[in-house]
Every structure is written in structure tokens, then in C-alpha cells.
Amino acid sequence: MYGWIWRHLPGNTWIRALISLLLVLVVVYVLFQYVFPWAEPLLPFNDVTVNN
Amino acid sequence: MSVRVVVRTFSELCITVGALIVLFVAYVLFWTGVKADSAMDHQIDSLQSQWSKGAVAVQQPQQPQPAPTATDTGDDKAAVDPPAPYKDGKPFAVMYIPRLGFTWNKPVLQGTGVDILKKGLGHYAGTAQLGQKGNFAVAGHRRTYGDPFKDFPELRPGDAVVLTDGTTWFTYRIDTKPYKTVPGDVAVIDPVPRKSGYKEPGRYLTLTTCEPEWGHSHRLIVWAHLDATQPAEAGKPEALRR
């Protein structure tokens, strides 16, 4: 999987490393901004009220 | 497809899932706190700028006075002139609990929705307003989102819970040790909360959070009664002075 991505990135090793780093940052950003905020309410820490 | 490729792909998947879990834990433990702290600061700032503009509707001149007792007959000014209802999702007060830290202060917002509790403590809709007859009930996170009620079990009878709505300081005194109950026990936020030991109508405050610390199987509750009020101009109440 990661080997496949690496082989398909353009440029020499340094450029590929730079692009990889950027890709990782994009993934982390998407996770923190969209995926985790969606997933977090599924955990029990939000239940602090008494209700029916 | 060779065995090598299968094993390699499986390993990469495991590493990816592991990294995802670590990131998610970092998000829950750390990032929600960062977000909540800035959101709470923002709420308090907006309240204070609102108050400094004098946008608070009624300036009731009041002298420092002991709170009306539970046997009060209800002929006081507040009963005659009920305050405007709080706007849903908006902050209306700041809470201070010296036991949770001298600098501990959190905004109180109207409503107890998930998004509201990310920005501060939530006032149960349908419970009494600040300082009014009945039960002013507030919920807050125990963990995550800034951990506002992390030290909830440390609360003890006699501890002060101080609130201000910009015109008045309200000092409540806690009467009970944290009481553990089940999530469906809505009687704890009744006007005269069951199990609280209060027998007659009065001006009460209820705080609720989750129990155990990282779980949601139970709730922790403390009850307090209104001990004293004083106008904002009179400065901080005794409980907040060092």
C-alpha cells in the first residue's frame, strides 16, 4: 500500500519525501477537522446530564 | 498474489489502524481541551463585553443580604418581576468554584445539548433561573472538553459555588457530598430535589456530571442552596477573595 503510493509519486527521493509529509499532514488535518469530531460523540464522555 | 504481498499489506493496515487510534486518543484527551478552552474563553469574553456595555436588562439595586430562607413566602421583588428567559445556546453567567481551583471559572450556557457542552457548562432548560425559586440545574463534562468537572468528587458540604450574571453575585453553598445515581434519575433536578435532604421549596442549585470519570453508567450530583447575593458593584463576594 505505502510502497505503491511511494512508487507513484513523482520526482526524486527528496521530492517524494516532501510530498509524503504533505499527504500525512492533509490526512491528519482531515481526521482532526472532520472525522474525529464526528466519531467523538459516539464515545460515552458526552453523557453528563440526567434525562429520560 | 504472493504471500509476501499479503503479509506486507496486512502489516501496513495494522500500522495504519494503530496510528489512527493513537491520533484519536490525542484528539480526545488533548485537542478537545484546547478547543474547549478557547471556546470558553470566547464565551466569557463575549459575556464580559456584553456586561461592560450595560446590555444587561434590569439593574436591580440590591444591598448585600442573606438569601431568603426556604420558608420565604415569595413576596420579594424577583418573584414579582421574573427575569427574561435565557437564549438557547447563549452564555448568561460565569460560574466560580474555589474548591476546583482559585482560577476555575466557566461560562454557563442555556441548554444541555452536546454542542453547547463543548463551549461551557449547560443550564437545564426548564429548571429555575439564577437565584430564583426552584432548582438552578447545571451539567458539565467530567472529562474531555477542558475537563471542567474533573475534580467533582472533591466537592464537600460548605463549599461555595459562585455565579454572576453581570448584575448580581450569587453565592450558593453545597449541602451534600457528591451523590451517585443513574442517568434516568431526573428527580435530582426537581424544584425540590429528591434525595437531597431538602424538604421545602427554596432556591437551590444542582450540578451534574458523569461517573465514573471516563464512563457514562452513572451520574454524580451535588446540591447547594442560595446563601447570599450582592450587586456586582460591591465587588467579588467573600468566597472568591483570597
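In what follows, every chain begins at residue 1, and chains take the letters A, B, ... in the order their sequences are listed. Atoms considered below: every heavy atom in the structure, side chains included; atoms not considered: hydrogens, waters and symmetry mates.
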Open item on the list: Working to the nearest 0.5 angstrom, can you tell me the gap between B:R219 CZ and A:T49 OG1?
Closed with: 6.0 Å

Give me the contact list for [range] versus chain A, heavy atoms only, anything under 4.5 Å, ordered by residue number.
| range | value |
| --- | --- |
| residues 134-142 of chain B | B:A139, B:G140, B:H141, B:R142 |
| residues 25-34 of chain B | B:Y27, B:V28, B:W31 |
| residues 172-179 of chain B | none |
| residues 97-112 of chain B | B:T112 |

Interface moiety of [X] toward chain A, non-hydrogen atoms closer than 4.5 Å:
| X | result |
| --- | --- |
| B:S217 | neither |
| B:I15 | neither |
| B:R143 | backbone |
| B:I189 | side chain |

Open item on the list: Could you check whether any side-chain heavy atom of B:T144 comes within less than 4.5 Å of a side-chain heavy atom of A:E40, counting everything from C-beta outward?
Closed with: yes

- [ ] Answer whether the closest heavy-atom distance between the side chains of B:L20 and A:L31 falls below 4.5 Å.
- [x] yes

Open item on the list: Between B:I221, B:L23, B:T9, who has the most heavy-atom pairs with chain A when the cutoff is under 4.5 Å?
Closed with: B:L23

Would you name the heavy atoms of [X] and [Y] that are closest together and state the gap between them?
| X | Y | result |
| --- | --- | --- |
| A:Y2 | B:E12 | N-OE1, 3.1 Å |
| B:T208 | A:V48 | OG1-O, 2.9 Å |
| A:V50 | B:Y124 | N-OH, 2.9 Å |

